[in-house]
There are 2 protein chains.
Amino acid sequence: MKLSTKGRYAVMALADIAKFDDNNPVSLRDISLRQGISLLYLEQIFSMLKKNQIVESVRGSNGGYKLTKSPDQIKISNIFSAVQENIKTVGCKKESKKGCNGKSAKCITHNLWDELELHINEFFNKKNLSDLVKGKNENRV
Amino acid sequence: MKLSTKGRYAVMALADIAKFDDNNPVSLRDISLRQGISLLYLEQIFSMLKKNQIVESVRGSNGGYKLTKSPDQIKISNIFSAVQENIKTVGCKKESKKGCNGKSAKCITHNLWDELELHINEFFNKKNLSDLVKGKNENRV
DNA sequence: TCTAAACTTGACTATTTTACTATGGTATAT
DNA sequence: ATATACCATAGTAAAATAGTCAAGTTTAGA
Ligand code: FES
Ligand code: FES
């Protein structure tokens, strides 16, 4: 069970904007250099973030991206759902009545994984971007 | 971010033993049939569970596996560490001083992912096998 | 004693997912 | 003009997952 780079980079990049934004758009090139993330990969991620109104873009020279809301209004769960970093703990289709083994009932562990998913989502709902920027101390990049 | 079958099956199989065990060993064949898990895959998983003293084996005809402890003493975290279903949320090496981007300091999101890992482990430490078996009602397999 | 059930081990492989890269654009400040 | 930066789609190498295969050993019971 691991977090993929897509979600990790998305949060990292947005935290970077939140930190360096002085109301000017921040270019992906700068984020790429500061955070050490591939520029082309960032473009892909930001296309999703834009589609989901997490950021807005400014095209052309001196352009870049800005947050659409203040950092404390952007929850990790919003970011993750935008880039489709979704957590899946159950083995079955949620909507289906069938279990993960193809049988007609949900398996013996189904409820446990469901609770786990809830537990994790709780964390993502409670954390937002400003939680990351507040703690900007010397020990971080 | 998803839970892999290895961990899911391990818990499912052990819950099966906890449920059907009347002090006789339970064969992998039976578990395979009841839970719809590949027998060969189960063998692989149980080899790890045995090495870590979660189960003990009885060889030969009418053999199978038994839990080494009572279900309420077997935590999900014990099972997961046995089958190496480990959760990894950070992008960097925990022990290293370097960040996930190869830079000399931990990245801006590092603490967040670390907290997440703690939060998830808390869940696995608090749940045990008996939590699964207690709730054996008609709606489950 | 024979045999079938069941555990044991290690190597091997197909599939899927992840983590990008490549290409070829369009828009705009200077 | 032109450099900078966003935009979009397709492709691909590497890693992880989810198994399978082969060749055993052990032991209960007929
Ligand atoms: S996880 Fe939902 S039925 Fe097994
Ligand atoms: S996750 Fe640890 S440094 Fe980025």
Side-chain angles (χ1 to χ4, degrees), chain A residues 1-13 17 24-52 54-66 68 80 83-89 91 100-102, chain B residues 1-13 17 24-52 54-68 80 83-89 91-92 100-102:
Chain A
M1 197 181 195
K2 67 186 257 208
L3 191 62
S4 71
T5 55
K6 203 169 49 172
R8 214 153 20 78
Y9 287 173
V11 175
M12 213 182 291
I17 295 182
N24 298 325
V26 178
S27 76
L28 292 189
R29 188 164 175 281
D30 286 352
I31 299 176
S32 166
L33 288 172
R34 275 196 295 260
Q35 306 299 334
I37 305 170
S38 148
L39 177 60
L40 289 155
Y41 197 19
L42 274 178
E43 287 180 348
Q44 224 175 87
I45 291 169
F46 271 77
S47 134
M48 295 188 270
L49 291 173
K50 190 192 171 187
K51 253 185 211 125
N52 289 275
I54 307 286
V55 293
E56 58 194 24
S57 67
V58 179
R59 299 189 71 153
S61 183
N62 287 333
Y65 288 93
K66 300 162 72 168
T68 54
F80 275 15
V83 300
Q84 290 172 170
E85 171 76 50
N86 28 29
I87 40 184
K88 179 167 192 206
T89 54
C100 52
N101 40 24
Chain B
M1 196 181 196
K2 66 187 258 205
L3 191 63
S4 71
T5 56
K6 204 169 47 172
R8 215 154 19 77
Y9 287 172
V11 175
M12 213 183 289
I17 295 182
N24 298 324
V26 179
S27 77
L28 292 188
R29 190 166 174 278
D30 285 352
I31 299 176
S32 166
L33 288 171
R34 276 196 294 258
Q35 306 298 335
I37 305 171
S38 149
L39 176 60
L40 288 154
Y41 198 19
L42 274 178
E43 287 178 347
Q44 221 176 92
I45 291 169
F46 272 77
S47 135
M48 296 187 269
L49 291 174
K50 191 193 170 186
K51 255 187 211 120
N52 289 275
I54 308 286
V55 293
E56 57 194 23
S57 66
V58 179
R59 297 189 72 151
S61 183
N62 286 333
Y65 289 92
K66 298 162 73 168
L67 303 178
T68 53
F80 274 15
V83 299
Q84 291 174 164
E85 170 77 48
N86 28 29
I87 40 184
K88 177 165 194 208
T89 53
C92 58
C100 52
N101 41 24

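Fair warning: this is a prediction, and the values are worked out from it, not measured in the lab. A, B, ... follow the sequence lines: proteins, then strands. Residue 1 opens every chain.
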Evaluate B:Y9 against B:V83 for side chain to side chain contact (heavy atoms under 4.5 Å, CB included), listing each step before the verdict. CA-CA 10 Å; B:Y9 287 172; B:V83 299; over 6 Å; no
Test A:R29 against A:L33 for side chain to side chain contact (heavy atoms under 4.5 Å, CB included), laying out the working first. CA-CA 6 Å; A:R29 188 164 175 281; A:L33 288 172; 4.1 Å; yes
Starting from the C-alpha separation in whole Å, work towards a yes-or-no answer on side chain to side chain contact (heavy atoms under 4.5 Å, CB included) for B:M12 and B:I45. CA-CA 11 Å; B:M12 213 183 289; B:I45 291 169; over 6 Å; no
Between A:I37 and B:N101, does the side chain to side chain contact (heavy atoms under 4.5 Å, CB included) criterion hold? Intermediate values first, please. CA-CA 7 Å; A:I37 305 170; B:N101 41 24; over 6 Å; no
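With sequence neighbours excluded, the residues satisfying side chain to side chain contact (heavy atoms under 4.5 Å, CB included) with A:S47 are A:K51. Residues passing the side chain to side chain contact (heavy atoms under 4.5 Å, CB included) test with B:N62, sequence neighbours excluded: none. Applying the side chain to side chain donor-acceptor pair (under 3.5 Å) criterion to B:S4, with sequence neighbours excluded, gives B:E85. When the side chain to side chain contact (heavy atoms under 4.5 Å, CB included) test is applied to A:E56, the partners found at least two apart in sequence or on another chain are A:K66, A:T68.
Rounding to whole angstrom units, CD1 of residue B:I87 and C1' of D:dT17 are separated by 18 Å. Taking atom CG of residue B:L28 and atom P of nucleotide C:dT8, one finds them 9 Å apart after rounding to whole Å. As a whole-Å value, the separation of B:F46 CZ from C:dA6 P is 14 Å. Distance B:L42 CG to C:dT9 P: 16 Å, rounded to the nearest Å. If you take NZ of B:K88 and P of C:dT18, they are 15 Å apart, rounded to a whole angstrom. Here C:dT8 presents its P atom at 13 Å from CG of B:L39, a figure rounded to the nearest Å. Atom CE in A:M1 sits about 15 Å away from atom C1' in D:dT17, given to the nearest Å. Spacing between atom CE of B:M48 and atom P of C:dT9 amounts to 13 Å, rounded to whole angstrom units.
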What does nucleotides 10-15 of chain C look like as a protein-contact string, B for base, S for sugar-phosphate only, - for none, at under 4.0 angstrom between heavy atoms? -B----
Mark up nucleotides 23-30 of chain D, 5' to 3', with B wherever a protein heavy atom is under 4.0 angstrom from a base atom, S wherever such an atom reaches only the sugar-phosphate, and - elsewhere. -BBBBBS-
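Within the 3.5 Å criterion, the main-chain N or O of A:S38 finds no donor-acceptor partner in the side chain of A:S32.
Within 4.0 Å of A:S57, counting heavy atoms only, lie sugar-phosphate atoms of the nucleic acid but no base atom. If you check every strand for non-hydrogen atoms under 4.0 Å, A:S27 touches sugar and phosphate atoms only.
Between B:K50 and the phosphate of C:dT8, there is a side-chain N or O to OP1/OP2 separation shorter than 4.0 Å. Distances shorter than 4.0 Å separate some side-chain N or O of A:S4 from OP1 or OP2 on C:dA19. Checking the phosphate oxygens (OP1, OP2) of D:dG19, a side-chain nitrogen or oxygen of B:Y9 falls inside 4.0 Å.
Minimum atom distance to the side chain of B:Y41 is reached by D:dT20, of the listed D:dT20, D:dC7, C:dT18. Candidate nucleotides D:dG19, C:dA6, D:dC7 were compared by shortest atom distance to the side chain of B:S38, and D:dG19 ranks first.
Evaluated for a side-chain contact (heavy atoms from CB on, under 4.5 Å) with B:Y65, the options B:L28, B:L49, B:V58 yield exactly one hit, B:L28.
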